[in-house]
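First the structure, then my questions, so here it is.
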Number of protein chains: 2
Amino acid sequence: MPRASTTSDAFNAVAEPRRRDILNYLAASEKPVGEIVVALGIEQPSVSKHLKVLRDVGLVSSRREGKQMFYRTNGEALRPLHEWTKTFEHFWSHQLARVKVRAEAKMKQN
Amino acid sequence: MPRASTTSDAFNAVAEPRRRDILNYLAASEKPVGEIVVALGIEQPSVSKHLKVLRDVGLVSSRREGKQMFYRTNGEALRPLHEWTKTFEHFWSHQLARVKVRAEAKMKQN
DNA sequence: ACATCATATTCTCATATCGGAATATGTGTC
DNA sequence: GACACATATTCCGATATGAGAATATGATGT
């Protein structure tokens, strides 16, 4: 069995750095493909292919306006990722407290 | 150019569902490989291979105790994922998002 | 040294991938 | 219709993958 398809879910789709770049770029406002191409410096066919993947998993939506296709990030599709990583939040938010405590303990020694 | 290696970063490593299962399982407390095998019903070689990937990206750490190898989740390595998804949080949590969604729903009625 | 238990590695295979190049589709204008 | 513009699709090649099976390594006890 090979690796799961990039279009199988949001986890697989955002594993690709370029696709995260695109999502970041489209988060502020919708943009036509051509602007993504120049802004991120990616070849046009690659951008179209990445957008297709993102669209398949619901991470972007599109709208046609004349010759142009406007894409926008649909951040809601990232919610499962956020929720899942959130369950590990205590690993670092608690740590801050622990480091603090350890630092204070060291201070007392001196 | 093929897909980036699963060991290139945490994003790629957790794209595999089994590896997320393992991270979930090891989050509570460290466990030997054998227990992961029975708990998740995955073949032992697969578990070892997944653990190697997770270890390569710092998502788990290991400790030997006699014949057994204990693994534990290192949640800190998921922080980049959490931080990144957090930048999209307003898509679902912000009141504006809710208003938008409701407005779009109303549009669809017509 | 040997046997046993626990884990890791190696091998094969079918498959999905990404980038690049070329081409196709779709839209508006003359 | 012919043309230009914007975007999408197809074909190619190199490569990493995950599962399964077989085997290797490592640790302990006798």
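In what follows, chains carry the letters A, B, and so on, assigned in the order in which the sequence lines appear, proteins first and then strands, with residues in each chain numbered from 1.
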Listing time: all N or O pairs from protein to nucleotides 1-3 of chain C that are below 3.5 Å?
none

#### Entry: Closest non-hydrogen atom pair between A:T73 and A:A27, with its separation
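Scanning both residues completely, I find the closest heavy atoms to be OG1-N, 3.3 Å.
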Is there any protein nitrogen or oxygen under 3.5 Å from a nitrogen or oxygen in nucleotides 13-17 of chain C, and what are the pairs?
{"from": "C:dT17", "atom 1": "OP1", "to": "A:S5", "atom 2": "OG", "distance (Å)": "2.9"}
{"from": "C:dT17", "atom 1": "OP1", "to": "A:T6", "atom 2": "N", "distance (Å)": "2.5"}
{"from": "C:dT17", "atom 1": "OP1", "to": "A:T6", "atom 2": "OG1", "distance (Å)": "2.8"}

### Task
Check whether any side-chain heavy atom of A:L78 sits under 4.5 Å from a side-chain heavy atom of B:F91, and report yes or no.
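A side-chain contact is absent here, since even the closest heavy-atom pair is not under 4.5 Å.
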### Task
Any chance you could measure A:L51, atom CG, to A:S46, atom OG, to the nearest 0.5 Å?
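Result: 10.5 Å between the selected atoms.
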### Query
For B:G34 and A:R18, take the nucleotide of DNA chain C holding the closest heavy atom to each; which residue's nucleotide lies nearer the 5' end?
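Upstream on the strand: B:G34.
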### Query
Closest heavy-atom contact between A:V57 and A:A77?
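In terms of heavy atoms, the two residues are closest at O-CB, 4.1 Å.
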### Message
Looking at every non-hydrogen atom in both residues, tell me the closest pair between B:I22 and B:L40 and how far apart they are.
### Response
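Between these two residues, the closest heavy atoms are CG1-CD1, 3.7 Å.
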### Residue pair B:T6 / B:R19, side-chain heavy-atom distance below 4.5 Å
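SC-SC contact between B:T6 and B:R19 confirmed.
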### Message
Walk me through whether A:T85 and A:E89 qualify under side chain to side chain donor-acceptor pair (under 3.5 Å).
### Response
CA-CA 7 Å; A:T85 56; A:E89 206 172 12; over 6 Å; no
### Check against side chain to side chain donor-acceptor pair (under 3.5 Å), B:R55 and B:S61
CA-CA 6 Å; B:R55 219 170 156 293; B:S61 58; over 6 Å; no
### Message
Quick check: A:W84 with A:F88 (ring centres under 6.0 Å apart)?
### Response
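Judged by ring-centre distance (under 6.0 Å), A:F88 and A:W84 do meet the cut-off.
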### Task
Taking the side chain as every heavy atom from C-beta outward, state whether A:H82 and A:K86 have any atom pair closer than 4.5 Å.
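A side-chain contact under 4.5 Å exists here.
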#### Entry: Terminal axes of the helix from C:dA1-D:dT30 to C:dC30-D:dG1 (five pairs each): angle between them, nearest 10 degrees
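Helix axis angle between the two ends: 10°.
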### Query
Which of residues 37-50 of chain A sit near DNA chain D, with a heavy atom under 4.0 Å from it?
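Only A:Q44, A:P45, A:S48, A:K49 qualify.
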#### Entry: B:E83/B:R79 ion pair, N-O < 4.0 Å
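So B:E83 pairs with B:R79 through a salt bridge.
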### Query
Which two nucleotides bound the region of DNA chain D that has atoms under 4.0 Å from heavy atoms of chain A, read 5' to 3'?
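Terminal contacting nucleotides, 5' to 3': D:dC5 to D:dA19.
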### Task
Under 4.0 Å from any atom of DNA chain C, heavy atoms only: list the residues of residues 62-71 of chain A that qualify, in numerical order.
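Contacts with DNA chain C under 4.0 Å: A:R64, A:G66, A:K67.
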